[in-house]
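What follows is a short report on a single structure.
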Protein chains: 2
Amino acid sequence: MSPYDPSAFPPFAVTVDLVVLTVRRHSLCALAVRRGEAPFQGRWALPGGFVRADEDLAMAAARELEEETGLSAHDPGTPAPDPGNGAHLEQLATYGDPKRDPRMRVVSVAHLALAPDLPAPKAGGDAHSARWAPVETFLEPEDEETGALAFDHAQILADGVERARSKIEYSSLATAFCPPEFTVGELRRVYEAVWGVALDPRNFHRKVTGTPGFLVPTGGTTTRQGGRPAQLFRAGGATLLNPPMLRPEV
Amino acid sequence: MSPYDPSAFPPFAVTVDLVVLTVRRHSLCALAVRRGEAPFQGRWALPGGFVRADEDLAMAAARELEEETGLSAHDPGTPAPDPGNGAHLEQLATYGDPKRDPRMRVVSVAHLALAPDLPAPKAGGDAHSARWAPVETFLEPEDEETGALAFDHAQILADGVERARSKIEYSSLATAFCPPEFTVGELRRVYEAVWGVALDPRNFHRKVTGTPGFLVPTGGTTTRQGGRPAQLFRAGGATLLNPPMLRPEV
DNA sequence: TCAAAAGTGTTAATAGTACACCCATGA
DNA sequence: TCATGGGTGTACTATTAACACTTTTGA
């Protein structure tokens with residue numbers, strides 16, 4: 001066989017699908033859009049679309065993210081250039097089962113985006129309906145109507161959630177769910193929402209403030225959570241946490 | 001825009017490329033094949049090929065692996081069904097820069113395979129030349145002739161090596177580099193080769209034998225490494241190590 | 001008898017856990 | 001004044017790192 005014969009190859013469509021996660025009201029939420037056409041018409045799905053002919057995969061994902069949410073994306077490597085409305089974006093995995101789309105052979109390169117809770121709902125470039133809902137709504141749907149994502153999107157979402165849950169253990173990625181300036185308590189509530197556990201506020205405080213490069217104080221304080229004023233922090237330069245945050249068992 | 005219009009989409013070729021790693025003579029080695037045709041004719045490249053029209057991505061990767069090495073693949077989830085010549089195989093990442101192949105738009109879904117040192121060299125289904133070489137040969141090539149992989153394969157290899165290096169920290173994946181039965185010392189030399197560090201044999205022994213489910217003794221012993229006879233072990237059922245192996249700094 | 005690798009014991013330093021306790025604000 | 005989170009101190013435990021020491025083989 002000739003492994004690189006350019007003349008004879010089966011044609012594929014390539015799409016990007018997005019797992020967009022945020023933390024709202026103490027729970028981890030994902031963005032879903034309602035499908036306007038067959039197949040799976042009327043069902044909820046992950047946002048996504050075709051990769052264009054001249055476009056890199058990361059570019060396509062960033063474009064789709066911007067179209068759906070108004071968020072600009074920044075690469076994992078570089079710190080947020082636009083802290084106001086930037087989101088973390090990284091490639092997740094690729095899904096290529098021959099039967100995953102009933103119409104044709106589609107390979108989808110899924111991406112994972114993590115965003116702070118958006119003050120503006122969704123900047124709808126398109127007029128289609130979209131919503132944030134707790135990930136359990138889609139992963140353990142009680143009702144086909146409100147849950148049960150189209151295609152293999154439930155699997156993609158599950159993989160994205162798992163990636164987020166494990167990656168905040170050993171990286172500073174949890175700050176991607178926070179506004180540009182945030183308190184230690186707000187960061188702790190992100191961990192609690194993503195992991196679905198309760199953490200000791202005292203030990204958490206010592207841990208994150210004691211990890212060099214994780215948080216840098218801005219000098220300001222806030223009382224937006226009530227109680228004693230809390231120091232405000234920005235995300236520091238460190239991306240890898242050593243030692244990691246420990247996710248409680250059970 | 002219509003995100004799922006099946007009639008108008010740019011056609012892509014989809015390939016799988018393989019980062020196949022093994023440990024030989026105390027160093028981490030990768031499999032490369034020599035390209036017989038343009039572009040990059042005569043240069044070394046990662047093994048790979050087109051995904052067929054009716055084939056899943058994992059199937060395509062397993063097929064290419066078998067064609068190149070004679071190794072059967074087993075999924076990360078399931079324990080090796082054929083401990084004799086099975087390899088660990090998992091998806092790595094997808095590379096889709098529009099210019100990564102000068103001929104046409106090719107999206108490559110890279111996979112990572114980890115195999116024990118093969119007694120038989122390579123079962124060449126094809127007659128093309130192939131070789132194992134230390135990963136540094138390709139990642140820091142002193143000479144274009146012997147190193148310098150084709151396309152973006154140096155980046156793919158670097159990503160695969162990084163994945164392997166980090167994953168043996170918190171999983172039992174290092175056993176994929178070992179024969180079906182192995183000693184603690186052999187497992188330690190795998191860690192040392194992959195990380196490029198020296199580990200304390202005494203603490204390593206306590207650590208791996210004390211982690212439940214990591215290793216199960218077979219009852220046999222061997223003196224194939226010289227010195228006092230060492231117990232033989234098989235890989236246990238555990239896939240996640242908690243607490244993880246710690247990679248020394250620097 | 002010696003070298004080489006396997007394996008055990010011990011100890012000091014480090015890091016995590018569980019809580020008692022105080023602080024600064026708004027209502 | 002009280003409730004609410006923010007933040008510090010401290011004792012206890014678990015894990016790691018360093019290394020002395022014994023065991024069992026082949027040469």
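Note on naming: letters A, B, ... go to the chains in the order of the sequence lines (proteins, then strands), and numbering restarts at 1 for each one. Given the structure is predicted, the values throughout are model-derived calculations rather than measurements.
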*Between the base of dA6(C) and the side chain of R228(B), is there any donor-acceptor pair under 3.5 Å?*
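By the distance-only test, yes, there is a pair.
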Starting from [atom2] on [N], measure out to [atom1] on [X] and report it in whole angstrom.
X       : N       : atom1 : atom2 : value
Q231(B) : dT25(D) : CD    : C1'   : 15 Å
L232(B) : dA6(C)  : CG    : C1'   : 13 Å
H205(B) : dG7(C)  : NE2   : C1'   : 5 Å
R247(B) : dA17(D) : CZ    : P     : 14 Å

*On the ring face of W195(B), is R165(B) found with NZ or CZ under 6.0 Å from the centre and within 45° of the axis?*
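Output no; distance or angle outside limits.
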Would you say the side chains of [X] and [Y] form a donor-acceptor pair under 3.5 Å?
X       : Y       : value
Y170(B) : N242(B) : no
T22(A)  : D117(A) : no
D17(B)  : Y95(B)  : no

*Check each residue of residues 216-225 of chain A for a non-hydrogen atom within less than 4.0 Å of any atom in DNA chain C, then write out the ones that pass by number, or none.*
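Residues of residues 216-225 of chain A under 4.0 Å from DNA chain C: none.
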*Which nucleotides of nucleotides 15-21 of chain C have their base under 4.0 Å from a protein heavy atom (B), which only their sugar-phosphate (S), and which neither (-), written as one string 5' to 3'?*
-SBBBBB
_First encountered from the 5' end of DNA chain C, between G227(A) and P229(B)_ =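 Per heavy-atom nearest nucleotide, the more 5' residue is P229(B).
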